[in-house]
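Worksheet for the structure shown next.
Since we're looking at a predicted model, the values are computed, not measured.
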Amino acid sequence: MSTTAFTLCFAVWTIFSIVGLTIKKELGLTEFQYGLLISTPILTGSLTRLILGVWTERFGGRIVFASQMILTGLATWALTWANTYPQFLLAALGVGLAGGSFIIGVAYVSKWFPAGRQGTALGIFGMGNVGAAVTKFLAPFVLVAWGWEAVAQIWALGIALMGVIFFLIARDDPAFAERRAKGLAAPSLAQQFAPLKNLQVWRFALYYFFVFGGFVALALWLPHYLTDVYGADVRLAGMAAAAFSLAASVFRAYGGMLSDRFGARTVMYWTFGFSAVLLFMLSYPPTDYVVHGKDGLISFSTRMGMLPFVLTLFVLGFFMSLGKAAVFKHIPVYYPNHVGAVGGLVGMIGGLGGFVLPIVFGALLDLTGIYTSCFALLFGIVVVSAAWMHLSVRAMERRSHGKALDQLPTFPELAEVHDPARTAMPRVLEDWSPEEPQFWAEKGRRIARRNLWISIPALLLGFSVWMVWSMVVARLPAIGFNFTTEQLFWLAALPGLSGATLRIFYSFMVPIFGGRLWTTLSTASLLLPALGIGYAVQNPETPYVIFLVLALFCGLGGGNFASSMANIAYFFPKAEKGNALALNAGLGNLGVSAMQFLVPVVITAGVFGAMGGAPQQLSEGGQLWMQNAGFIWVPFILMATAAAWLGMNDIADARASFREQAVIFTRKHNWLMCVLYTGTFGSFIGYSAGFPLLTKLAFPEVNALQYVFLGPLVGALSRAGTGWISDRFGGGRVTFWTFLGMILVTFGVISALQAGSFMAFFAGFMALFFLTGVGNASTFQMIPAIMGREIPRLMPDLDPVSRRKQSERESAAIIAFTSAIAAYGAFFIPKAYGSSIAMTGSPVGALWAFLAFYALCLGITWAFYTRPGGLLHDIEHSRAAAVAAQAA
């Protein structure tokens, strides 16, 4: 009964793959609009899976399944009343209720079978995916005979009738019936959602994003692909797409049997391995080759015909069906009492793949003009999923047999010369005591410095990618993009907004995931904006919304700072922490200057040749390779990612849950340091983001791009070179004099703008950048000193070792969190310039607001930290006295 019901639900869920073609033609939709239309039902079906899974465990599958089908039938009938594109989108949301049926069935069916048979049972149930093939095969004939409205009406009647039959004939599952008979309360939402905090659940969700989300996306996209690429009519395209849907559905039962027999993990290896090969074949576009041979030119072409294409898709569907069964074999085994919640989340993420991917397919097609780009995207998802699975498996093996594995040579041939004592490089440092002089001298300093010098280039790349948008935005009008000044300022400001927001989450990631893994993942994520920029700027027709998304993706680079600083803070003793953090942040900040120096150079030459694409013609004559602004970082990102994975370490003592770190939100000094660091780093990053555009608007006669890199360079070097001053004389005192200097210099910049003097304006900003760098180092030096004084007062019951660990944990979390809040300066400063210019015609109003904020920071520094009786007064004056005594 469940399999039949799920088949009808899936047939309705994918109805737009056929009727959408006619609606697209009637309304004259673009590729993006069509992709959104066919994906909207997938959105509803995905988002409802989580709550429907929970409801199934609470109220029973029989009543929930029946109600869902009847409501879906009503929504599908309402589709025939739509006339405009928004109405179709609204109706499509209702049709999407059909997609929620899957998790209802999983939670319902799994309760009837023992663990050893659940893979087979759920595989048979999952065969209901064949409903997509039913729609592909039958709907085109109904559409040609009676119109698309008849398809919607017949499908609506079928699913509503099935809902009534299911309610009348099906029975409650044994677990629900037993609970109701005994009068037991249903599990609470907190109990049902508890497993969702496990990273393993989200890894399963990524697998399902490909095997199910990719299947749904291709089921929706293939009729359109086949009609456009191979010129097939709608009936032939529907039957060819049905072959893929059939393979991706009926073999799911076989996948369940294989998972029961050989294990779900083995089946997933098969799925990812063969899918990667098949998708590589499908993603290779038709290409013409000319080879310069001995006897002249040799020309040949590569192109996949329609029959090989359909056969390759059939095989791909076969392995995707095995993968779908394997993923859901994991869930009742690992989480037998939480199938609804865990399966709901996994199913929701998988379903969201079916929603997101067709939209991305359309956007990629509009952006690249290459039809096979959709398969290239899926290939990338498969590679990432397979790598994550394999690394997780290896991590589990190491946790179970770590010592034995360390004794093994890298290759069997090296067994006779293998010396475990020399070649072992532990990834997790179980004993880390940097405050002990002997440990630090013999072992600690070497390991800490290695991690620092790997962290610095990774952070430098993060800043480069974060701020590269400011350079790209300044050149967009010259290469044919007709955006308004307000739109340009929004594009310049959005990376700051997303980067700052991501820093809040990144602040807590290192203790949860470990510094090595998180640095690797966060560095690799920079490939998204780097490659996206490279493709987007090559086409002046690229929609503004794509640029908005890419601007937000650039914020991934900004988020890296919070996790990087928190990670490095754990490695060094207090006496060297200020300098280490200054080096990490200061040399990392150099990424802004390196980007502003390098990008103007590389965009003037075809660095990547034909692989990088054609140049853009400038409106005033000449040409630019603007795509190089993104592509130039790709090889460096790959190298930094590899270095982080191979060379960095995790510290066992640094591991902590979010709850343990969240204590900083109750600390007064956390919020005070957020204000101070916003005044220093917020100014640095905000001025870096807005300086190119501000200079170009305020002094249009000056070629600003030749000089703007100097500001971030000065700020980064001053931060890296002045950390030792705070270590010797105290961060609070240095911070006080820094804010006083910033007030005076900001007044000088205002005067220079009003006088129209570029030299005074430029000199003033160089001084501001220098002072922000000094203040960046000094404020971070203050935080460990503050918490070293506060933890003994706040937690007097802790022993000295626990007190040290708690102080280090809170210091690292505060350092990361303050960097997150301060990073909003990258959004607010450029936005303040834009708003001030829009309201008054001049940026001077924004600068007066900045000056007032520096005065507030000066007052906070004196009142809480540096005045006699302030928290740091005695520490810093005794340190200064010790330095003077050493000098004498």
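The minimum heavy-atom distance between A640 and L461, with the atom names listed, is CB-CD1, 3.6 Å. Across all their heavy atoms, V468 and C554 have their closest contact at CG1-SG, 4.5 Å. The two residues C857 and G679 come nearest to each other via the heavy atoms SG-CA, 4.2 Å. Between N560 and S522, the shortest heavy-atom distance links the atoms OD1-CB, 3.3 Å. Closest approach of S778 to G775, counting heavy atoms only: OG-O, 3.1 Å. The shortest non-hydrogen separation linking P792 to G788 is CD-O, 3.2 Å.
The local environment of CZ in F439 is crowded, with over 12 non-hydrogen atoms from other residues, nucleotides or ligands closer than 6.0 Å. Counted within 6.0 Å of CH2 on W737, heavy atoms from surrounding residues, nucleotides or ligands total 12 or fewer; the atom is thus considered open. Atom CZ of F770 has 12 or fewer neighbouring heavy atoms from other residues, nucleotides or ligands inside a 6.0 Å radius.
Counting only heavy atoms from C-beta outward, the side chains of F572 and L452 approach each other to under 4.5 Å. Residues V745 and F765 form no side-chain contact, since every pair of their non-hydrogen atoms from C-beta on lies 4.5 Å or further apart. Looking at heavy atoms from C-beta onward, F864 lies out of side-chain contact with L871 at the 4.5 angstrom threshold. Counting heavy atoms from C-beta outward, P434 and F571 have side chains that stay 4.5 Å or more apart. R789 places none of its side-chain heavy atoms less than 4.5 Å from the side chain of R793. Taking 4.5 Å as the limit, every side-chain heavy atom of L847 sits out of range of all side-chain heavy atoms of F747. Side-chain atoms of T519 and I454, non-hydrogen and from C-beta on, never get closer than 4.5 Å to each other. A heavy-atom distance below 4.5 Å is not found between the side chains of I568 and L583.
When atom types are taken as modelled, the side chain of R867 and the backbone of A863 share a donor-acceptor pair closer than 3.5 angstrom. When atom types are taken as modelled, the side chain of S807 and the backbone of R803 share no donor-acceptor pair closer than 3.5 angstrom. In this structure a side-chain-to-backbone donor-acceptor pair under 3.5 Å is missing from S802 to D799. No side-chain donor-acceptor contact under 3.5 Å links T523 to the backbone of T520. Judged by distance alone, the side chain of R450 and the main-chain N or O of M648 form no donor-acceptor pair under 3.5 Å. A distance-only check finds a donor-acceptor pair linking the side chain of T678 to the backbone of C674 [under 3.5 Å].
Taking the six-membered ring where tryptophan is involved, the planes of Y865 and H669 are tilted, since the angle between them lies from 30° to 60°.
When only modelled atom types and interatomic distance are considered, Y854 and S683 share a side-chain donor-acceptor pair under 3.5 Å. For the residue pair R516/N451, the side-chain donor-acceptor check at 3.5 Å is not satisfied. A donor and an acceptor atom, one from each side chain of N584 and S564, are located under 3.5 Å apart.
The CD1 atom of I743 sits 5.0 Å away from atom CG of L858, with the distance rounded to the nearest 0.5 Å. To the nearest 0.5 Å, the span separating CZ on F769 from CE on M742 amounts to 10.5 Å. Distance CG/L676 to CG/L672: 7.0 Å, rounded to 0.5 Å. Separating the CG atom in L548 from the OG atom in S498 is a distance of 11.0 Å, to the nearest 0.5 Å. Rounded to the nearest 0.5 angstrom, T772 OG1 and F739 CZ are separated by 10.5 Å. Taken to the nearest 0.5 Å, the CH2 atom of W862 stands 8.5 Å off from the CZ atom of F736.
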Would you please test Y677 and I783 for side chain to side chain contact (heavy atoms under 4.5 Å, CB included) and show each step? CA-CA 11 Å; Y677 197 58; I783 293 172; over 6 Å; no
L502 and L556: CA distance, side-chain angles, deciding distance, side chain to side chain contact (heavy atoms under 4.5 Å, CB included) verdict: CA-CA 7 Å; L502 286 172; L556 291 170; 3.7 Å; yes
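Between L872 and the options T866, I786, T861, a side chain to side chain contact (heavy atoms under 4.5 Å, CB included) holds for only I786.
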